[in-house]
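Model, not experiment: these values are computed from the prediction. Index from 1, following the sequence.
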Amino acid sequence: MGVKNQSREAEQQRVDTVILEIKAKEKELYTKASGLKESVINLRKNFWEDVTVNLDEPDDVIETQASIKQQAELLSERERFHGKIGEELKTLKRLENSPYFGRIDFLEAGQTESEPIYIGIASLMDKHDENFLVYDWRAPISSLYYDFSPGKAKYETIEGTICGEMTLKRQFIIRNGLLKGMFDTGITIGDQLLQQALGNNASTSMKSIVATIQREQNKIIRDEKSKCLIVQGVAGSGKTSAALQRVAYLMYRYRETLHAENIVLLSPNPLFSSYVSNVLPELGEANIRQITFQEYLEAKMTDKLVVESPFQQMEYSLTEENDEACTVRRKSIDYKSSLTFKSDLDEFISQLQNEGLLFRNITFRKQVIIAKEEIRDYFYSLDNSISIPNKMELVAKWLLAKIRKTERKERKKDWVMDEIELLSKEDFLHVYKELQKQEHIDDSGREEEYLRRKVTARAFAGIKKRVKRLDFVNVLATYRAFFKMWDPKNAPDEWEKICAQTAVDLSRKYITWEDAAPYLYVKERLIGEHSDRSVRHLFIDEAQDYTPFQFAYIRHIFPYASMTLLGDVNQAIFTHTMQGSPLIPSNLEEGVEKIEKITLTKSYRSTKQIVEFTKHFAPGGEMIEPFNREGNKPELIELGDQAGIKGQLNRKINELKAAGHETIAIITKTQEKSDTIYDMLKEDLSIVQINEESRSFQKGILVLPVYLAKGIEFDAVIIPDASFVSYHLESDRTLFYTACTRAMHELVLMTDGNKSPFIMESPKDKYDVRAI
């Protein structure tokens, strides 16, 4: 038997041994869990029987409280331990299928024998809990696997740097306990392992990449020192997946102090949130809070305002681009997305300290009880050195005192007696019980007084609540006043038209996407900042689609969070994003300590042929390196006109399905075009349309606009409108590039006789042409 076969047989024997150990641990845990479950049930059932209850004397009450607390703590501890056993069993189940994926043999300096170290998704000790059978991929020693080739190597621990020599680096593919593949490698993670991982069909959810983490991705994952980590990664470079492994690493590294609720991921859309939601559970970690920036802003809005989504903003820009109002809107978007606008708003807010703040009347039973002018005069009578939010708190106290006086006067009025007659039996019973506790229970006058107090207190409760929330400040009218009365130093072209357009939107309580963050910024500067202090790590995906103003606002509301920003300037598809801009404006980096920037240039998602085609029309395309995975060249189908597109789409989809592709996406420029394609094909094919409300997707034939495909990959992509009419402006370049780079294995472009100029930027030998 050859050395290689002997080695493989030995490795399979070890896999078998480890799985037997896993099964033994599972059996032991099941026994423990069963006993604990029974113990928890009995504790719950007999809780009060085991508690000494005596309320006769003060000392007895204290003893009773202590007894209840002790019993509750015992129950809580048993339940917690039972939950922990459940988590351990889940981990063992995952390991049972594939205990580990890598091995390194490390000879530590000063030692005579190298130690074999096996690496998997979780740690596993032997039956005596003395030695590691498997090391967690996040353990310090495991970084050797990702960062070094055989030869001199080192890793960091809490005690310091451990140096030595790696004598072997081996990778495994283990499925259902069987060793399917084994590769010794002298490089990072071998091509063979990556080839197999990348050659599979697209999944409906993102997979963990721990077995194939590359050295540059590992740097992202294990970065602990940066206050702001900026990752510029080309399409398909694994930046999002690496970021999620980073979350798992941080939760492992700081497991005593960092919990899921301390981490927030801002996702580009709900579909993407669903797509990545299984990665952390797959690694045995709790899911963190995932929310879109739109959802976050909407949760902070009041006054029943309707907020435009970023996709509605984009759809408007793409479908109404020749309209005069759209030209004005674009200028408005540019201005409201900038730090210049923030500076102008800051100046406006500063002026509000002296004049211009607008308030609301406080009304009761359709009568004004405190006029907005009276509130304004009191506000401006306060010391000018007090900040606006602190003044608002003083105004609220003053208002509550005035409201209490009004409430006392209202008790004597006839309407109160009318309300008393409408009270329920339960209300009367409650009043009777309250009066029983007091003297003069036979005094009918006292009863009426108590009922009047109860009715007026209930009537004024909502007003008091709104005052405590500072709803008497008319934030919307004050924000609107900026566009009606303020003359900013840096007013853009068409300022008057921008003001008129904004005033119309605000008058109907409609907040455009470009106004959403500025409006909330003004609101919080007026009534007080509500920063989220519990968030210690903030991850922002597709960071290139955030405006400078939005970044500044995010810094404002998450002042204590470390940030990880992920994006690709080549995919900056929104109206406000600037071509060739950095991922984050440089002036926003001021004041941020320990900024680290990492660039990922290798694309793993698409075949070499697709990357070689798309890199020629991508901004910064010369930086994109393809991973060496072969496939077909992109196919350009020239229809001559759009009349035959339905037949060609049907034919091509059937071809792709026959080739084994399970997820085929028809990606359009706009939702409007997506609707057209869906209506065209729904009678002939089982097709699913994805829109901004979609929360998940399944395998099959999908049709969706490009801006909803961000971050997601498909086996095959068809772009049915790759013609000049759809993609010819420079602003269309990133849209077209983003659409093309969603494809893993096949890319098909359909045009009328006049193809997009971006296609022609790619050499003719990079794609195949078929004329119909």
Side-chain angles (χ1 to χ4, degrees), residues 264 289 291 293-307 345 348-349 352-353 355-383 386-410 453-482 506-511 515-535 553-554 556-559:
V264 170
R289 182 181 169 198
I291 191 170
F293 191 47
Q294 178 192 350
E295 288 167 339
Y296 188 86
L297 296 185
E298 284 178 336
K300 295 168 81 72
M301 291 283 178
T302 52
D303 297 329
K304 297 180 181 178
L305 299 172
V306 176
V307 182
L345 282 178
F348 172 66
I349 293 164
L352 292 175
Q353 184 73 270
E355 61 176 346
L357 249 170
L358 299 172
F359 297 90
R360 291 189 176 94
N361 292 326
I362 294 179
T363 61
F364 178 71
R365 294 177 65 84
K366 298 183 180 179
Q367 296 293 316
V368 175
I369 57 173
I370 307 172
K372 57 188 176 185
E373 293 81 8
E374 189 181 353
I375 301 173
R376 179 199 63 204
D377 292 344
Y378 182 78
F379 175 87
Y380 282 114
S381 73
L382 296 169
D383 189 333
I386 304 172
S387 70
I388 292 177
N390 286 343
K391 276 189 182 182
M392 292 303 178
E393 293 295 336
L394 293 173
V395 173
K397 287 179 183 177
W398 172 75
L399 286 171
L400 288 169
K402 286 182 75 68
I403 289 166
R404 280 192 290 270
K405 284 183 183 177
T406 306
E407 184 183 342
R408 285 195 290 272
K409 289 179 185 176
E410 289 291 323
R453 187 174 296 179
K454 184 178 181 69
V455 165
T456 50
R458 184 180 291 177
F460 277 87
I463 297 171
K464 291 175 185 174
K465 188 176 180 181
R466 288 192 292 275
V467 167
K468 289 173 184 175
R469 287 201 312 248
L470 309 183
D471 286 354
F472 57 85
V473 187
N474 197 335
V475 179
L476 187 64
T478 304
Y479 182 69
R480 190 176 167 191
F482 177 86
L506 296 177
S507 67
R508 57 192 182 99
K509 292 197 171 186
Y510 182 77
I511 302 281
D515 277 304
Y519 169 78
L520 285 173
Y521 175 71
V522 170
K523 179 184 176 183
E524 289 173 19
R525 288 289 309 275
L526 296 183
I527 67 173
E529 298 177 8
H530 300 285
S531 56
D532 203 330
R533 295 166 187 268
S534 67
V535 176
Y553 180 65
I554 287 167
H556 174 75
I557 53 179
F558 296 107

Measure the shortest side-chain to side-chain distance between K391 and I388 over non-hydrogen atoms and say whether it is less than 4.5 angstrom. no
Which heavy-atom pair separates K509 from L476 by the least distance, and what is that distance? CG-CD2, 4.1 Å
Minimum heavy-atom separation for A516 and L297, please, with both atom names. CB-CD1, 3.8 Å
Is there a side-chain contact between V306 and I511 (heavy atoms, below 4.5 Å)? no
Could you tell me how the ring of F364 sits relative to the ring of F460: parallel (under 30°), tilted (30 to 60°) or perpendicular (over 60°)? parallel
Is the Y521 ring parallel, tilted or perpendicular to the H556 ring (thresholds 30°, 60°)? perpendicular
Atom NZ of residue position K405 - does it have more than 12 heavy atoms of other residues, nucleotides or ligands inside 6.0 Å? no
Counting C-beta onward and ignoring hydrogens, is there a side-chain heavy-atom pair between R525 and L345 closer than 4.5 Å? no
Euclidean distance, F293 CZ relative to E298 CD, rounded to 0.5 Å: 11.5 Å
Could you check, using the six-membered ring where one of them is a Trp, whether F558 and Y296 have ring centers closer than 6.0 angstrom? yes
Using a 6.0 Å distance limit plus a 45 degree cone around the ring axis, check whether K372 lies over the aromatic ring of F359. no
What one should report as the nearest heavy-atom pair of I386 and N390 is CG2-CB, 3.5 Å
Minimal heavy-atom distance between F472 and V395, with the atoms involved, is CE1-CG1, 3.6 Å
If only atom types and distance count, is the side chain of Y380 paired as donor or acceptor with the main-chain N or O of L357 below 3.5 Å? yes
Do the ring planes of F482 and F348 sit parallel (below 30°), tilted (30 to 60°) or perpendicular (above 60°)? perpendicular
For a 4.5 angstrom cut-off between non-hydrogen side-chain atoms, does Y519 reach L506? no
Output yes when R365 and E410 qualify as a salt bridge under the 4.0 Å nitrogen-oxygen rule, no when they do not. no
Pick from N361, T363, T406, L399: which one makes a side-chain contact (heavy atoms from CB on, under 4.5 Å) with I369? T406
What's the verdict on salt bridge (Lys or Arg N to Asp or Glu O under 4.0 Å) for K464 and E407, showing C-alpha distance, side-chain angles and the deciding distance? CA-CA 11 Å; K464 291 175 185 174; E407 184 183 342; 2.8 Å; yes
Return the minimal non-hydrogen interatomic distance between K300 and K523, and the atom names on each side. O-NZ, 3.1 Å
